[in-house]
Amino acid sequence: MTRTTDLVALNDWYVVAFTSEIPKGHSETTVLLGQSLVIYRGWDGEFQCALAHGDGHPPPLVRQKYGFLWVSLGRPDHDIVSVPEFSEHERRFIHRGRIGVPSSGQRVIENFFDLSHFSFVHTGTLGGYESAEVPKYSVEFREQERELWAVGCSFVQPKASAAAGAASTIYYDYRIPSPFISIIYKDSLVRPGRKDLIGLFIQPHDEESCTVHSFALVHDEQNVSTHILHFYHEIFAQDRSILLHQTPKKLPVSPRREIPTISDASSIAYRRWLDRSGLQFGLDRASA
Amino acid sequence: MIQLYDYILSAECYKVRLLCALLGVKFQPIKVNVHPGGDHLKPEFALINPRRTIPVLQDGAHRICDTNTILIHIARRHDPSEQWLPRDENMFDDTLGWLGFAAKELDLLQSLRMNSITAAGSASRTEMEQAHAALTIVEDHLAEGELERRHWLVGKSPTIADIAVFPPTILAPDGGVPLERYPALWRWFDRVKKLHGFIVMPGIFPNLSGVV
Ligand SMILES: N[C@@H](CCC(=O)N[C@@H](CS)C(=O)NCC(=O)O)C(=O)O
Ligand SMILES: [Fe+2]
């Protein structure tokens, strides 16, 4: 595997582990953007990260934030994404585990905010055959065009969360603060007016495989964590088996390769936004 | 009521859930945090099952820690027709033969799948060859059977052999093992999905003809 030379990809922050997955005094090897890394956790709980084959590249930057371990191989001009809800303490934090996906991280992000698959892929939980229609929503750019948002999304969900007792129309906002991160803000069924958060922090190993590190911050005092986890893992494995069959594994960004429908508005916006960012890694830039 | 120590993404547990669904047997699931928690590997779980595996079935005071044994137990107790575990001597032997095959030769498919899902690694070339060798055995057996109007692994009706072999084979692509070269397997998957009472697990999609 070779380290990418794409500076847009290199100059970003990525999650490479959930901190408690690596016990004190242990090390783990992993791959980020084609670069092999050795992560070591000292007895003081602090992490170090070194390049397995340095070849003169600078050492990676390492930070702990939100319970995850973040690494940058380059010189990021921005901080790790700000998610104030992590420090609000009104929701329950659930580490949803790491899931390996043999596809580009961008395919995973695009699937994450595509509402049109809910009825057919997450039948009985996030959607049903009776109402497969995706109502209109709007796409916005925020934080000086840094972040892409799809706001006012809604869907009829038979079982919107582990805490749901009946079907209801659920409102969502999707936030994509960087090409490999997406966070859902979704109506809580337990605390009306409040939002649950579900987020994906993607670690691209190479252009066609990644690990999804993910979390939920939910209002749910009733269910034990394992019950909530099984709810999410059912959804995970359904998405994963769809992602396995999408080709090409890299995400096409040429406008000539799009088949636009209304529910695709956010996916087209995501592809355009990626295109404009100058990112090469994980994208298929061929025009036909 | 019987209890099942269960993990939603375990294809071993799904074998038990599927047989229960087909036979109309109710059970109470006890959900285990297998990933990312690894709770089944902890000392507390060894008190439930020293082998530290799931599924585990608790039927009254009786506890069974092995998938095949659970399938046999459920069939003997809840299938008066004796279709799922045939009494006929040859068919009985053949059924148990496939259970052994599922536990031994198809175990690789199960571990490739869990490793791939939990980002713990992917198949080596040797493993890939072994996986295809095992799938070819099932494919050839089913293709031969079709010529003799035998549409199931053992004889002309489904048995627990089909229940033990179906999950690891249909889920092979989840572990990076493609199924394009196995047309008889696909036809058999379809027959399994049409069984009355059939249920899916994540990664397996229902047969939608007549639904949408
Ligand atoms: N695609 C990722 C994550 C799957 C995922 O997060 N899926 C979304 C739905 S597309 C989800 O869990 N949503 C929960 C919700 O909407 O409540 C994977 O394969 O691991
Ligand atoms: Fe999905």
Side-chain angles (χ1 to χ4, degrees), chain A residues 16-18 20-23 28-31 94-103 117 119-125 127-130 132 162 202-203 205-206 208-215 223-245, chain B residues 4-11 13-14 17 28-42 44-45 54 111-123 128 167 170-180 189 199-212:
Chain A
V16 295
F18 183 59
S20 61
E21 284 171 328
I22 304 177
E28 190 179 290
T29 58
T30 189
V31 178
I94 310 264
H95 173 226
R96 305 200 307 166
R98 44 170 111 179
I99 304 286
V101 182
S103 197
H117 77 284
S119 292
F120 306 100
V121 177
H122 307 305
T123 317
T125 50
Y129 299 129
E130 316 75 53
I202 293 178
Q203 174 186 358
H205 298 302
D206 56 40
E208 302 195 342
S209 75
C210 64
T211 289
V212 182
H213 301 271
S214 89
F215 71 88
N223 291 299
V224 297
S225 299
T226 302
H227 183 75
I228 301 176
L229 200 68
H230 278 229
F231 176 83
Y232 288 132
H233 282 199
E234 171 172 356
I235 294 168
F236 270 12
Q238 290 166 336
D239 283 321
R240 193 176 177 279
S241 61
I242 296 301
L243 287 163
L244 294 182
H245 296 107
Chain B
L4 178 69
Y5 290 83
D6 193 15
Y7 173 49
I8 182 83
L9 297 189
S10 160
C13 294
Y14 170 61
R17 296 197 293 265
Q28 183 201 352
I30 300 175
K31 295 179 183 181
V32 182
N33 179 348
V34 169
H35 177 69
D39 285 357
H40 62 305
L41 302 174
K42 292 183 178 161
E44 303 90 284
F45 197 80
I54 51 162
S111 57
L112 289 178
R113 175 175 166 275
M114 282 322 286
N115 286 346
S116 180
I117 290 179
T118 61
S122 54
M128 208 61 159
I170 193 169
L171 291 167
D174 274 5
V177 182
L179 287 176
E180 277 79 8
F189 293 158
I199 53 164
V200 293
M201 76 164 270
I204 300 177
F205 290 91
N207 187 315
L208 288 181
S209 52
V211 183
V212 280

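Each chain gets a letter, A, B and so on, in the order the sequences are listed, and its residues count up from 1. Since this is a predicted model, take the numbers as computed values, not measurements.
For A:Glu234, there are no salt bridge (Lys or Arg N to Asp or Glu O under 4.0 Å) partners, not counting sequence neighbours.
For B:Val34, no part sits under 4.5 Å from any heavy atom of chain A, backbone or side chain. For A:Arg98, the parts lying near chain B are the backbone and the side chain together; criterion is any non-hydrogen pair under 4.5 Å. Proximity to chain A is limited to the backbone of B:Asp6, based on heavy atoms less than 4.5 angstrom apart. Residue B:Pro206 touches chain A through its side chain alone, counting heavy-atom pairs closer than 4.5 Å. For A:Val121, the parts lying under 4.5 angstrom from a heavy atom of chain B are both the backbone and the side chain. For chain B, the nearby part of A:Leu244 is the side chain; its heavy atoms alone come within less than 4.5 Å. Using a 4.5 Å cut-off between heavy atoms, A:Ile235 makes no contact with chain B at all. Looking at B:Ile117, the atoms closer than 4.5 Å to chain A (heavy atoms on both sides) sit in the backbone and in the side chain alike.
The NE2 atom of A:His245 sits 11.5 Å away from atom OG of A:Ser103, with the distance rounded to the nearest 0.5 Å. For the atom pair A:Tyr129 OH and A:Thr123 OG1, the distance stands at 4.0 Å (nearest 0.5 Å).
A donor-acceptor contact shorter than 3.5 Å links the side chain of A:His205 to the backbone of A:Val31. In this structure, the side chain of B:Tyr14 engages the main chain of B:Ile199 through a donor-acceptor pair within 3.5 Å.
Taking A:Val101, A:Thr30, A:Thr226 one by one and counting their heavy-atom pairs under 4.5 Å with chain B, the maximum is reached by A:Thr226. Comparing A:His95, A:His122, A:Glu21 by how many heavy-atom pairs each has under 4.5 Å with chain B, the most go to A:His95.
A donor and an acceptor atom, one from each side chain of B:Tyr7 and A:His233, are located under 3.5 Å apart. Between the side chains of B:Ser10 and B:Arg17, no donor-acceptor pair of N or O atoms lies under 3.5 Å.
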